[in-house]
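Working notes, structure below.
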Amino acid sequence: MELRKISIRQAAETVNSGEVTAEGLIEKTLESCSILNEGLNIFTQIAGIDALEQAKAIDRKIEKGEKLPLAGVPVTVKDDLCYGVLPTGFGSPAFKEFFSPYTATAVERLMDAGAIVVGKTNLDDMSMGSTTASSPDGPTINPWDPERTAGSAGAAAVATGICMLALESDSGGALRQGASHCGVIGLRPTAGQVSRYGLNTFCSSFGQVGVTAISGENVITALEVIAGFDERDASTAVCKERAAGAGTAVDTEGLRIGYPAAAFDHLEPGLREVFEQAREQYSAAGFECIDLELPLLPEALQAYYVISLAESSSNHSRFDGIRFGAVEEAGDLEELYSKSRGSILGREARRRSIFGTHLLSQGSYDLYYRQALRVWNLVRREFAAALGQCDLLMLPAAKTLPGRAAAEADFLDAWTEDLFCAPVSLTGLPSLCLPAGQAGKFPVGLQLIGRPFSEGIMAAVCDRMIREIELFPYGIS
Ligand code: GLN
């Protein structure tokens, strides 16, 4: 069974019907994971025996007549999501051996539906980045080019076809930029749609749990399983009254897509053409492309960084060697804090904690933090007004092609990469990244942004366009 050629529903069906056992499927998957991990550095941990045990348990349930929506489906989990069976490292060397006492709700729901966690995936220092370049284990390599970073390890796992689904987090674009750089489909759901219980997010206002797969249909299949009210995360209260997911049987005829042409001026040379071509393809497919403006993107990016740096300094204050993280030998309390925090927090996390503490200090708070909150509000209104004129917005996911794996990017350049993703995070709106075209040998993704809970519409448009332009993410063998 070639996983990249079938849908998640079909894979689960073959396991449910007994045609293939979950154990057999996972055994093969684990082999591919080990082989590909050598070159691509996708996993912080491969589950091995634990995954096989899970698979056997699923087979036993199926023998007893149970049918499970994700029976035997191999899934990867980003290593900032707690999973009690394997260490949860958060991208910090200090947590390499940390076993969380509980499992994140989204992981638990996937497992209850029959999915098998085959490994934890690589991430930036405390998830702070969209390249994996600041990971203590080094960057994940892009399956399309061994000299470039993948952007996200989950996206690389899906692009190679070793896994059908990656559960990931996205604060300012990590999931979406990874999908863009690896030529797969990544969904950041509506804020509150998926529980964040068990997610170690550095910025509470913007961190969300999302999924990556090779089709809109697969993404929605997974969303239907993980979405919905969770009493352990109050932000999911918005789901209390609604059925999870929206299904893909959606009429996409005549939808209007907002195209903010001026925003595309920010792209690196050579990429604008990909989106101009995408616009033509969407028009040819019968969508009405509408010109509009989103002038606040640069200010929104700045607001994202001011707010997320402030939140990360406050969220990371608990990593002091006493409550969390390894404690270092020291002569007094101050030395203990500084030595322990110095070894727990990597370079990017230290940088953000220092900036964030400054931003929240007297004098800076009004100047930066309060202003950023105002911008946040304006950005939400700007996107809401834009979505008053159209059904979906089209934006790039990344400003440039994936970075070189060997080069250390300037941190401001890395932050600027989030120009198109971070503003969307401020709005809480759902965003789905799908292939737009190619620049040379590299896939280039676009984001479709919709109204709250319009994931089903975005996924239906995605699958229709993928069929129309024949840009399946199956190019890697
Ligand atoms: N690049 C963004 C940041 O560094 C997004 C990170 C993320 O989504 N995890 O803040």
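Every number for a ligand or one of its atoms is a count from 1 in the order of the listing. Along the sequence shown, residues carry numbers from 1.
- Atoms of ligand 1 found under 4.0 Å from any heavy atom of Asp170, numbered from 1 in the order shown, are 8 (O).
- Salt-bridge check for Lys441 with Asp145: passed, with a basic side-chain N closer than 4.0 Å to an acidic carboxylate O.
- Set against the non-hydrogen atoms of Asp418, the atoms of ligand 1 under 4.0 Å away are 1 (N), 2 (C), 3 (C).
- Protein heavy atom closest to atom 7 (C) of ligand 1, with residue, atom name and distance, is Ala174 CB, 3.4 Å.
- Between Trp376 and Phe206, the ring planes lie perpendicular to each other; the angle is over 60°, past the 30° to 60° tilted range.
- Relative orientation of the Phe98 and Phe90 rings is tilted, given thresholds of 30° and 60° on the angle between their planes.
- From the protein, the heavy atom lying nearest to atom 9 (N) of ligand 1 is Ser127 O, 2.9 Å.
- Using a cutoff of 4.0 Å between basic side-chain nitrogens and carboxylate oxygens, Asp230 and Arg196 are not scored as salt-bridged.
- Residue Gly129 places at least one N or O, backbone or side chain, under 3.5 Å from an N or O of ligand 1.
- Panel note: side chain Arg272, backbone Pro269; no donor-acceptor pair is recorded below 3.5 Å.
- With respect to Asp125 and Arg347, no salt bridge is recorded, no charged nitrogen being found less than 4.0 Å from a carboxylate O.
- Because its NZ or CZ atom is both nearer than 6.0 Å to the ring centre of Phe202 and within 45° of the ring axis, Arg352 counts as a cation-pi partner of that residue.
- In summary, the atoms of ligand 1 found under 4.0 Å from a heavy atom of Met128, numbered by their order in the structure, are 4 (O).
- Taking any N or O of Gly172, backbone or side chain, at least one lies under 3.5 Å from an N or O belonging to ligand 1.
- Atom 3 (C) of ligand 1 has its closest protein heavy atom at Tyr305 OH, 3.3 Å.
- Remark: minimum distance from atom 8 (O) of ligand 1 to any protein heavy atom is reached at Ser171 N, 2.8 Å.
- Below 4.0 Å from some heavy atom of Gly173 lie the following atoms of ligand 1, by number and element: 5 (C), 8 (O).
- Between Phe202 and ligand 1, a contact under 3.5 Å exists for no N or O pair.
- What sits closest to atom 10 (O) of ligand 1 on the protein, heavy atoms only, is Tyr304 OH, 2.7 Å.
- Of the N or O atoms in Arg352, one or more lie within a sub-3.5 Å distance of an N or O in ligand 1.
- Contacts with ligand 1 closer than 4.0 Å are made by no heavy atom of Trp415, backbone or side chain.
- Taking the ring axis of Phe411 as reference, the NZ or CZ atom of Arg351 stays within 45° of it and closer than 6.0 Å to the ring centre.
- Remark: ligand 1 and Lys78 share no N or O pair separated by less than 3.5 Å (distance only, no angle test).
- Phe319 and His316 have their aromatic ring centers within a separation under 6.0 angstrom.
- A centroid separation of 6.0 Å or more is found between the aromatic rings of Phe275 and Tyr259.
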